Amino acid sequence: MSSKQWYETFPKALDLNKLIFKIGEVSKMVSVSSRQLRYWEQKGYIKSNRSNNHNSRVYNFYNLLRIANIKNRINQGYTLIGAVHKVNEHGNNLNTVFSFMRESFHGIKMIHGNPAINLGYFDHHHKQILYGIIKSNQEVEYQLINKSDAFN
DNA sequence: GTTCTAACA
DNA sequence: TGTTAGGA
């Protein structure tokens, strides 16, 4: 029996590389069209992983963060190329990171005896909530749960 | 239903 | 960049 509290396992258990999103999900989260995402990738501005069965694009947390930063720069008035250069030079903007984390983190609760991070609604109709569930073996499992099924 | 490529108003 | 066609 470990003396650690369950929440002490969070920093170690959070493997952001396991947090991957499909293009439609990224598009909604960052407000960048799928057309833009494909175009940006074609131009070499961003990257995606396509090693899955359907050869479809998936983005890990770091790719997502880069996209969010480019988008923010564009919102600030930069051109696409200007935004990319800015992000390449200065890396991720902390405000963007914090803003994203703040908007993504919607609290913690227990699901089936395991601590789970509420990452917020995952669709425009607010029917599904994304949870990052910390399993007993400390691995993280991301799961979409219907609002109606989300007890508590 | 989602994503893919290619092409064009 | 948006949108649409035509498949997977």
Side-chain angles (χ1 to χ4, degrees), chain A residues 10 13-135 137-152:
Chain A
F10 261 93
L14 257 183
D15 184 355
L16 297 179
N17 288 309
K18 294 178 181 176
L19 184 56
I20 61 178
F21 308 94
K22 294 184 294 184
I23 190 169
E25 301 168 333
V26 171
S27 176
K28 284 183 289 188
M29 284 187 287
V30 194
S31 295
V32 173
S33 70
S34 56
R35 173 75 169 86
Q36 286 176 301
L37 291 173
R38 297 189 184 99
Y39 178 71
W40 294 2
E41 178 177 339
Q42 178 203 325
K43 302 291 286 184
Y45 301 152
I46 61 175
K47 205 181 73 175
S48 72
N49 303 305
R50 311 182 68 171
S51 51
N52 58 82
N53 298 328
H54 304 298
N55 196 39
S56 58
R57 295 173 175 79
V58 293
Y59 304 85
N60 62 30
F61 183 75
Y62 302 100
N63 295 145
L64 175 61
L65 220 49
R66 177 178 172 81
I67 294 169
N69 272 279
I70 294 174
K71 173 61 176 179
N72 274 359
R73 291 302 190 184
I74 290 176
N75 288 341
Q76 292 169 9
Y78 287 87
T79 63
L80 173 57
I81 297 179
V84 171
H85 286 167
K86 202 71 179 179
V87 173
N88 287 344
E89 292 171 9
H90 297 82
N92 291 329
N93 181 287
L94 281 184
N95 289 324
T96 301
V97 177
F98 290 143
S99 174
F100 181 84
M101 297 298 287
R102 183 171 56 251
E103 293 176 9
S104 298
F105 185 79
H106 289 218
I108 300 173
K109 76 172 187 179
M110 302 299 284
I111 293 184
H112 301 319
N114 294 317
I117 307 173
N118 182 339
L119 294 171
Y121 290 110
F122 219 60
D123 58 342
H124 285 162
H125 294 304
H126 286 191
K127 294 290 181 59
Q128 290 185 311
I129 299 175
L130 177 65
Y131 283 98
I133 302 175
I134 313 298
K135 298 190 290 186
N137 61 5
Q138 296 225 346
E139 289 192 359
V140 181
E141 177 181 291
Y142 294 96
Q143 190 171 319
L144 280 174
I145 299 181
N146 291 325
K147 182 182 180 181
S148 54
D149 298 333
F151 49 88
N152 160 26

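This is a predicted model, so every value here is computed, not measured. Lettering of chains follows the sequences in order, A, B, ..., and the numbering in each one begins at 1. Below, each value reflects all heavy atoms present in this structure, side chains not excepted, and no hydrogens, waters or symmetry copies.
Rounded to an integer number of Å, the gap from A:R38 CZ to B:dA7 P is 16 Å. Atom P of nucleotide B:dG1 and atom NZ of A:K28 are separated by 13 Å, given to the nearest angstrom. In this structure, A:N55 places its CG atom 14 Å from C1' of B:dT2, rounding to the nearest Å. Between A:N49 atom CG and B:dT3 atom P there is a gap of 16 Å when expressed in whole angstrom units. Straight-line distance from the CG atom of A:N52 to the P atom of B:dC4: 9 Å, rounded to whole Å. Distance CD (A:Q42) to P (B:dA7): 12 Å, rounded to an integer number of Å. Atom CD in A:E41 sits about 13 Å away from atom P in B:dA6, given to the nearest Å. Following rounding to the nearest Å, A:H54 (NE2) and C:dG7 (C1') show an atom-to-atom distance of 14 Å.
When both pairing distances are held under 3.5 Å, B:dC8 makes a Watson-Crick or G-U pair with C:dG2. Pair check for B:dT2 finds C:dA8; Watson-Crick or G-U wobble, both atom distances under 3.5 Å.
As judged by a 4.0 angstrom heavy-atom cut-off over every strand, A:S33 is placed among residues touching the sugar-phosphate backbone only. Across all strands shown, A:R57 has heavy atoms under 4.0 Å from sugar-phosphate atoms exclusively, and none from any base.
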From CA spacing to verdict: side chain to side chain contact (heavy atoms under 4.5 Å, CB included), A:L37, A:V30: CA-CA 10 Å; A:L37 291 173; A:V30 194; over 6 Å; no
From CA spacing to verdict: side chain to side chain contact (heavy atoms under 4.5 Å, CB included), A:K47, A:I67: CA-CA 9 Å; A:K47 205 181 73 175; A:I67 294 169; over 6 Å; no
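With rounding to the nearest 0.5 Å, the separation of CG in A:L144 from OH in A:Y131 is 11.0 Å.
Considering only the side chain of A:R35, C:dG2 comes nearest among B:dT5, B:dT3, C:dG2. The side chain of A:K22 approaches B:dT2 more closely than any other nucleotide in the set B:dC4, C:dG2, B:dT2.
Environment of NZ in A:K28: crowded, with over 12 heavy atoms of neighbouring residues, nucleotides or ligands closer than 6.0 Å.
Checked by atom type and distance alone, the side chain of A:N49 never pairs as donor or acceptor with a backbone atom of A:S51 at under 3.5 Å.
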